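To start, the structure under review is shown below, and the notes come after it.
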Amino acid sequence: MESSFKGILYPARLPAFHRLPAPASVAELVQWFWIPEWDIEPGRTSRQHLIAYPSCNLVVQPDGVAFSGPSTRAAHRDLRGKGWAVGALLRPAAVPLFTDDPGSLRDTEVDFPAEKLRLSVSDAMNAHDGGTHRERAVEAFVGWLASVAGPAMSEEAVLANRLMDVVASDASLVRVEDVASALAVSTRTLQRVAKKYIGLSPAALIRRRRLQDAAERARLDPGVDLSVLAAELGYADHAHLTNDFRKYLGFTPSTYRQAVAGD
């Protein structure tokens, strides 16, 4: 599974947070399950900053279920009081179960009618069971997914999953043409599949991976030369890395590194 904190800009500010792998039965539908739990002092707020993975999420909370479309920029969530969430980072093949146009839900969260899912996950999370509540919540989530999933995946859905996997795992792929070649398909096919199953362009997927990698490296290796880092990630130079950070995250790599050091 991916690094536990990749995509999270300030891990030191997190409440209790766990990522649990998807069982084999839903491994083609879910990348992993993520579960934050918090108990914030009255009158205070804990703001969590993210460079979200370029995927949709289905999220259960005590008061409802929400479907989140793909994000195009850094985002944050404000945590207050006491609570929890159980989210599924969806793989592209799962997206048609919830929407036929993920691009229309970019940077958007909408209510999703799944009361049976909410009740079963809530029962698990609210149980006093010696610490196994997270695993039980995932089991409940998996059972619900299995009940709504259709027959075997189409070849197109399989390709959509491969697209996401290849972009996420191969840092040498810095152009859309590189990804198309790796998957032995045309760029037009790649664009069509990304639009239907992800809601973002292949170029946006590559950019997100590079930004996540750059942020994680800057956080874990504060002494890294940013010009060297830019070159390693396939940017033309330091200025292009800085421009991407400023445009999509709202700050520069240097500013981020200073902020992390202060946590």
Side-chain angles (χ1 to χ4, degrees), residues 1-23 30-71 73-90 98 105 107-145 208 212 215-216 218-220 249-251 256 259-263:
M1 193 168 67
E2 295 271 359
S3 168
S4 293
F5 295 123
K6 190 172 182 180
I8 299 170
L9 286 170
Y10 303 101
R13 304 176 189 178
L14 277 175
F17 181 82
H18 297 82
R19 280 179 179 162
L20 280 67
V30 177
Q31 190 73 24
W32 59 65
F33 293 91
W34 50 271
I35 305 178
E37 299 169 87
W38 61 92
D39 190 356
I40 311 298
E41 294 180 16
R44 302 195 64 174
T45 299
S46 176
R47 174 162 288 188
Q48 308 302 318
H49 295 263
L50 309 169
I51 315 175
Y53 282 82
S55 305
C56 297
N57 286 266
L58 189 65
V59 187
V60 181
Q61 297 193 71
D63 58 352
V65 180
F67 181 84
S68 296
S71 68
R73 56 184 181 268
H76 68 265
R77 287 181 178 271
D78 289 331
L79 305 181
R80 300 179 178 88
K82 185 175 183 178
W84 53 263
V86 179
L89 181 70
L90 300 176
F98 306 101
L105 296 174
D107 303 309
T108 300
E109 183 175 280
V110 296
D111 293 337
F112 185 81
E115 183 65 3
K116 184 176 180 180
L117 172 63
R118 185 190 72 81
L119 290 173
S120 62
V121 170
S122 295
D123 285 346
M125 290 298 293
N126 294 329
H128 300 287
D129 55 11
T132 64
H133 58 289
R134 288 181 290 271
E135 288 75 13
R136 291 178 59 198
V138 167
E139 288 176 5
F141 211 136
V142 168
W144 180 86
L145 277 172
R208 186 66 54 81
Q212 284 190 332
E216 184 175 54
R219 173 170 56 83
L220 297 178
L249 306 184
F251 44 76
Y256 172 63
V260 170
D263 275 1

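This one's a predicted model, so the numbers in the text were calculated from it and none came from an experiment.
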Could you walk me through whether Asn57 and Leu90 pass the side chain to side chain contact (heavy atoms under 4.5 Å, CB included) check? CA-CA 5 Å; Asn57 286 266; Leu90 300 176; 5.8 Å; no
Can you give me the closest heavy-atom contact between Phe17 and Pro36, atom names plus distance?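 Closest approach of Phe17 to Pro36, heavy atoms only: CD1-CB, 3.9 Å.
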For Ala85 versus Trp38, what's the shortest heavy-atom pair and its separation?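 Reported closest heavy-atom pair: N-CZ3, 3.9 Å.
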Can you tell if the side chain of [X] reaches within under 4.5 Å of the side chain of [Y], non-hydrogen atoms only?
X: Phe141; Y: Pro23; value: no
X: Phe67; Y: Asp111; value: no
X: Ile40; Y: Lys82; value: no
X: Val86; Y: Val59; value: no
X: Cys56; Y: Phe98; value: no
X: Gln61; Y: Ser122; value: no
X: Val138; Y: Val121; value: no
X: Leu105; Y: Val110; value: yes

How long is the gap from [atom1] on [X] to [atom2] on [Y], to the nearest 0.5 Å?
X: Tyr256; Y: Arg219; atom1: OH; atom2: CZ; answer: 5.5 Å
X: Arg44; Y: Asp78; atom1: CZ; atom2: CG; answer: 13.0 Å
X: Phe112; Y: Leu117; atom1: CZ; atom2: CG; answer: 8.5 Å
X: Arg134; Y: Glu139; atom1: CZ; atom2: CD; answer: 13.5 Å

What about the rings of Tyr53 and Trp32, do their centers lie closer together than 6.0 Å?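 Yes, they do, as the ring centres are separated by less than 6.0 Å.
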Holding to salt bridge (Lys or Arg N to Asp or Glu O under 4.0 Å), I want the full list of residues that pass it with [X], two or more places apart in sequence or in another chain.
X: Asp107; answer: Arg73
X: Glu109; answer: Arg77
X: Glu115; answer: Arg118

Apply side chain to side chain contact (heavy atoms under 4.5 Å, CB included) to residues Trp34 and Leu20 and explain how you reach the verdict. CA-CA 6 Å; Trp34 50 271; Leu20 280 67; over 6 Å; no
Less than 3.5 Å apart, any donor N or O on the side chain of Glu37 or His133 sitting next to an acceptor on the other?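 Checked: Glu37/His133 side chains pair up, N/O donor to acceptor below 3.5 Å.
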Side chain to side chain contact (heavy atoms under 4.5 Å, CB included), that's the test. Do Leu119 and Trp144 meet it? Break it down for me. CA-CA 11 Å; Leu119 290 173; Trp144 180 86; over 6 Å; no
What's the verdict on side chain to side chain contact (heavy atoms under 4.5 Å, CB included) for Leu89 and Val30, showing C-alpha distance, side-chain angles and the deciding distance? CA-CA 6 Å; Leu89 181 70; Val30 177; 5.5 Å; no
Flag, side chain of Arg208 to backbone of Ser71, donor-acceptor distance under 3.5 Å: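 Yes, the answer is positive, given that a donor and an acceptor are paired below the 3.5 Å cut-off.
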